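One structure is given here, and the rest of the page talks about it.
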There are 2 protein chains.
Amino acid sequence: MLVSRSDSAYHHGSLKPALEDAALDLMRTTGHTELSLREVARVAGVSHNAPYHHFGDRTALLKRLSERSMAELLDSLTRAQADLAPTDSPRAHLVAVGAAYIEYAARYPERFRIIYDPAVCVPGSPSAEMAPLIAAVEDILARVTSATIPTASRETVVALTTGVWGAVHGLAELVVAGHITLDETRPALAALLDPSADRGI
Amino acid sequence: MLVSRSDSAYHHGSLKPALEDAALDLMRTTGHTELSLREVARVAGVSHNAPYHHFGDRTALLKRLSERSMAELLDSLTRAQADLAPTDSPRAHLVAVGAAYIEYAARYPERFRIIYDPAVCVPGSPSAEMAPLIAAVEDILARVTSATIPTASRETVVALTTGVWGAVHGLAELVVAGHITLDETRPALAALLDPSADRGI
DNA sequence: AGGCAATGTGGACAGTGTCCAGATCAGGGC
DNA sequence: GCCCTGATCTGGACACTGTCCACATTGCCT
């Protein structure tokens, strides 16, 4: 059987996801940096060496958690976009996706932080599972950004897409780090993205 | 004597800064997360317990490194602003300060990362040395931002200041994480901050 | 039914942060 | 000048960690 737990306690049956879940749970209070493989095993009710048969390494577990988190973030963005009607303004789509990005970080700070930890995932050579997720997130941001500037040059679209990613990412990081609150990010994002705002020139 | 090393090897004379320097040096290759107190002591040529007489804790060392790094970042911003003539446009000042923020992160990724590690510095209750540094950075950003929108409302100034901080911070983080290059941040920042850019509306 | 690969166990080792007792030194009060 | 108090440094110890090893148990395929 593939999923169900065996009667004998010796073989867990589905240890790998159980370990991941235990790790995600522990991370909520410890952060991925202090996450201990042995404690994960303890929570999962298994010996301290069992994880090594599913993840060759502590870093391999962290990489997997990072991929799962990135998939969640991507899902949040796509659902935020899907929740809006096509008749809504392109700017509303952009703001909604950006807000979803920030809200995911605020809701799951440790998961958000592990996604972008250079010690876990090196974007220069991302894992086979991570690469398409990164590309998908960039794609969503590029789509909602370019829709707000239909007449702009290609260079401007690329530059603004990077800028939008940086803006929402930075606001998210500042919230996670505790420097600003989630409530402050809404007007900040609006002020940045709305060129019709009063900027004096 | 206050600074010079004693002849007797027993008392170092100025171990505290020596430990900090050794730690900063080690961090360049390991990152602050993997930084080992014992290795710091080894590099400083001292027993594994000597650091405890200058930093009560491993976290205390990291906090100190975080403060030193924040002071460096602040210095980079003020020098970037001072290098420009008062006759330069407010927008040039804003872009210069933002670029300096990102360039510091690109040059010293580990130092930049330790500044904003919530496990090291909790902005809710920052240390007595950290608090004024944070305030000073925010103040610089607020000044260069508000100068670009002299007729804007107070709320808009506050919102855009937060947005600018988020934008430069996010671009810096994306560079440090390896998702974008330093060269991509320039046009991204310009596209975000320049309302006269072609945005189609 | 038998054997093999997957999955689990306990033991061992080096490395780490931290506490403790004792050694060494510097400087101030007699 | 001398001693003594406090600051600084040392080595030893403990619990914990990641990782490797040999061995036990089990499910599955032939």
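Basis for what follows: all heavy atoms, side chains included, without hydrogens, waters or symmetry-related copies. This structure is a prediction, so every number in the text was calculated from the model and none was measured. To find a chain, count down the sequence lines: A is the first, B the second, and so on, and within it residues start at 1.
- For the pair A/H53 NE2 and C/dT7 C1', the computed distance is 6 Å after rounding to whole Å.
- Listed by first then second residue, pairs satisfying salt bridge (charged side-chain N to carboxylate O under 4.0 Å, His left out) with a partner in residues 175-186 of chain A read A/E103-A/R186, not counting sequence neighbours.
- The side chain of B/D57 sits closest to C/dT18 out of D/dT17, C/dT9, C/dT18.
- Distance B/F55 CZ to D/dC9 C1': 15 Å, rounded to the nearest Å.
- Per the geometry, CD belonging to A/E34 stands 16 Å off P belonging to C/dT16, to the nearest Å.
- Distances from the side chain of B/R38 to the nucleotides C/dG8, D/dT17, C/dT18 place C/dT18 closest.
- Nearest to the side chain of A/L37, among C/dT9, C/dG17, D/dT19, sits D/dT19.
- Aromatic pair A/H32/A/F112: ring centres not closer than 6.0 Å.
- For A/H48 and D/dT19, the shortest distance from a side-chain N or O to OP1 or OP2 is not below 4.0 Å.
- Taking 4.0 angstrom as the limit, A/S36 places none of its side-chain polar atoms (N or O) nearer than this to OP1 or OP2 of D/dC16.
- At distances below 3.5 Å, at least one donor-acceptor pair connects side-chain atoms of A/T78 with backbone N or O atoms of A/D75.
- B/L62 has its CG atom 10 Å from the P atom of C/dG17, to the nearest Å.
- Ionic pairing of B/R28 and B/E110 is not present here: no N-O contact between side-chain nitrogen and carboxylate oxygen is shorter than 4.0 angstrom.
- In this model, the phosphate group of D/dT17 is approached by a side-chain N or O of A/R42 to a distance below 4.0 Å at OP1 or OP2.
- Judged by distance alone with a 3.5 Å cut-off, a donor-acceptor contact links the side chain of B/N49 to the base of D/dG12.
- Within the structure, every side-chain polar atom (N or O) of B/R58 is placed at least 4.0 Å from both OP1 and OP2 of C/dC19.
- Rounded to an integer number of Å, the gap from A/L35 CG to C/dT16 P is 20 Å.
- A straight line from OH of B/Y52 to C1' of C/dC20 spans 13 Å, rounded to a whole angstrom.
- In this structure, the side chain of A/R58 engages the main chain of A/L35 through a donor-acceptor pair within 3.5 Å.
- The residue A/L61 sits apart from the nucleic acid: no heavy atom pair falls under 4.0 Å.
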